[in-house]
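The structure displayed is predicted, hence computed values, not measured ones. Indexing begins at 1, ligand by ligand and atom by atom, following the structure's order. In what follows, every heavy atom counts, from backbone to side chain, and hydrogens, waters and symmetry copies are set aside.
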Amino acid sequence: MKVFKFGGASVRDTERIKNTASILQRFRDESLLIVVSAIGKTTNALEEVTQAYFKQTGDAMQRMEAVKQEHYRLMAELFGTENHPVFAEVNDIFVEADWVLEVEPEDSYDYIYDQIVSLGELVSSKILAAYLREQKLPTQWLDARDVILTDDIYREGWVQWEETQNRADRIAKPMTEQGGFTVTQGFIGSTSENNTTTLGREGSDYTAAIFSYCLNAESMSIWKDVPGVLTADPRLFENVTKLDELSYREAIEMTYYGAKVIHPKTIKPLQNKSIPLYVKSFIEPDGSGTKISSETEDNYPPMVAIEGNQALLNIATRDFSFVAEQHISDIFNQITAHRLHVNLMQNSAISFRICVTDSDDKVKDFAKAIEDTFKVRIEPDLELITVRHYNKMTLDELRADKVILTENRMRNTVQMVAKKVPPIRRKAVDG
Ligand code: ADP
Ligand code: ASP
Ligand code: MG
């Protein structure tokens, strides 16, 4: 069997859903497990619903209604009638949100987030499965929460592999062994108490890798709006080229440093079982895409990844004691407890510097947790530029218009934490 993953862009409207179904027609005789993301930008919209509800701004219901209407409109276009049974199924899922939104919030933000935001994948998978059945493709629907067990850290559940493997053997394997298509949700899992969790934003690629691993898939394919893995994000750079092949090692490095095309956690489970990963275009399904496996030569052109939303934290001991092993261990315990993503680190005698992804209040909460021993200076609104297989020309081009706050240079990788030059200074330089 093979695992396919279709992201939000591939199901964002009627035309795209039809396109996805036509790609799947080509594989009608195969056994496929199909992982699907929420439709278009639904996850963002549901995040806004959650925020409105949690802060009780008064418009949570209204925002939720807009999400529902968008889905109903899409279904009406796809199925032509509101009498199709999928309307009731989708409605049943949305009703759960109404139950949450009707009462005042009591649980933690992260818990509520997962209960609301997970609805996006639940409804998209229902719609896609129903549409595939409509196209006479033999399709079953699988609740990913019955298979993927996580710990109870909401919004960033960590997979409990042993139990997930058991459940995959018990529940998912018999489904895929019947042949045909099994459609399931990306991004979501559940705790041992059956509460819904999410795996972290953009986590659907990772879900596909979890299923690939547990079901010993022959290959995994992720269908994207790009021809494959490129040397940089085409939305930010011109003159990018496609990489026909990549090693697992290169792919894990690129994605770890922020190449947005694949979720960073995706590669490890695949590498562990030597399952090849294909990155293919749903716009040009006949294109060769990129193959990620162990069978490649490591000879690459410069590749660039840019991560916005970064903060540089300077952590200094208050009593001028050295930042020694015990301190570093204390700092890292708190980093783990706050699920901070550290993208770069450096240390000197009495200070320790990390560049982290600045999401919600995580950074502030972390600084607070260590404030008794450490003074933390936070510089927000930065970007982290990573260049693999760098050369001077690439670095010089990237440095233009930027103030580089710190730089790390390794054999194959340069990382720069950068701030855009404020317009006034740029003018002075130009003039
Ligand atoms: P999905 O719909 O599966 O969630 P994403 O939007 O997460 O897909 O990923 C595809 C996007 O990743 C592309 O549209 C592209 O803008 C971006 N991207 C960033 N870095 C790269 C890269 N090195 N190669 C290809 N695409 C990249
Ligand atoms: N829908 C989720 C998100 O947008 C997961 C995913 O698409 O990968 O983050
Ligand atoms: Mg994505």
**Request:** Considering only NZ, NE, NH1 and NH2 on the basic side and carboxylate oxygens on the acidic side, decide whether D365 and K368 come within less than 4.0 Å.
**Result:** no
- request: Could you give me the CA-CA distance, side-chain angles and deciding distance for K419 and D381, then say whether side chain to side chain contact (heavy atoms under 4.5 Å, CB included) is met?
  value: CA-CA 7 Å; K419 192 178 186 140; D381 300 325; over 6 Å; no
Distance col, row S247:OG vs Y300:OH, nearest 0.5 angstrom, shows 3.5 Å
Task: Cationic N near anionic O, under 4.0 Å, R16 to D225 - done: no
message = Considering both backbone and side-chain atoms of T43, is one of its nitrogen or oxygen atoms within less than 3.5 Å of a nitrogen or oxygen in ligand 2?
response = yes
Practice item. Could you tell me whether D205 and ligand 1 have an N or O pair separated by under 3.5 Å? Key: no
- Query: How about E202: does one of its N, O or S atoms come closer than 2.8 Å to the Mg ion (ligand 3)?
  - Reply: yes
If you scan protein heavy atoms around atom 9 (O) of ligand 2, the nearest is R201 NE, 2.5 Å
Mutual orientation of the aromatic rings belonging to F94 and Y72 [parallel < 30°, tilted 30-60°, perpendicular > 60°] = perpendicular
CG of L277 to CD1 of I262, rounded to nearest 0.5 Å, is 5.0 Å
When L215, V147, L199 are each screened for side chain to side chain contact (heavy atoms under 4.5 Å, CB included) with I210, the one that passes is L199
So for D233 against ligand 1, with non-hydrogen atoms under 4.0 Å, the contacting part is both
Next on the checklist: Could you check whether any side-chain N or O of S219 sits under 3.5 Å from a backbone N or O of K2, counting only pairs where one atom can act as donor and the other as acceptor?
Outcome noted: no
Ligand 2 to S37, heavy atom cutoff 4.0 Å, flagged ligand atoms 6 (C), 7 (O), 8 (O)
Next on the checklist: Yes or no: does G203 have any heavy atom under 4.0 Å from an atom of ligand 2?
Outcome noted: yes
- request: Decide whether the shortest distance between a heavy atom of K5 and an atom of ligand 1 is less than 4.0 Å.
  value: yes
Looking only at protein heavy atoms, what sits closest to atom 13 (C) of ligand 1 is D225 OD1, 3.4 Å
When distances are taken from atom 4 (O) of ligand 1, the protein heavy atom at minimum range is E202 OE1, 3.5 Å
Of all heavy-atom pairs linking Q185 and L142, the shortest is NE2-O, 3.0 Å
**Message:** When you measure from the heavy atoms of S37 to every atom of ligand 1, does any distance fall below 4.0 Å?
**Reply:** no
Closest to atom 27 (C) of ligand 1 among protein heavy atoms sits V261 CB, 3.5 Å
On a heavy-atom basis, the closest approach of K5 and A208 is CB-CB, 3.8 Å
Under 4.0 Å between heavy atoms, the region of M303 that gets near ligand 1 turns out to be neither
*asked:* Any atom of ligand 1 sitting under 4.0 Å from a heavy atom of A305?
replied: no
Taking only non-hydrogen atoms of A9 and a 4.0 Å limit, the atoms of ligand 1 in range are 2 (O)
The protein heavy atom nearest to atom 6 (O) of ligand 1 is R235 NH2, 4.2 Å
When you compare the side chain of I93 with that of E89, does any pair of heavy atoms fall below 4.5 Å? no
message: Quick check: E121 and ligand 2, any N/O pair under 3.5 Å apart?
response: yes
among protein heavy atoms, the one nearest atom 6 (C) of ligand 2 is S204 OG, 3.2 Å
Quick one: does K224 get an N or O within less than 3.5 Å of an N or O on ligand 1?
yes
- Which of parallel (below 30°), tilted (30 to 60°) and perpendicular (above 60°) describes F4 and F6? perpendicular
Value for CG (L149) from CZ (R167), rounded to nearest 0.5 Å, stands at 4.5 Å
One finds that the ligand 1 atoms under 4.0 Å from a non-hydrogen atom of G8 are 2 (O)
**Prompt:** Looking only at distance, does L230 have an N or O less than 3.5 Å from an N or O of ligand 1?
**Reply:** yes
Note: ligand 2 atoms sitting under 4.0 Å from heavy atoms of E202 are 3 (C), 5 (C), 6 (C), 8 (O), 9 (O)
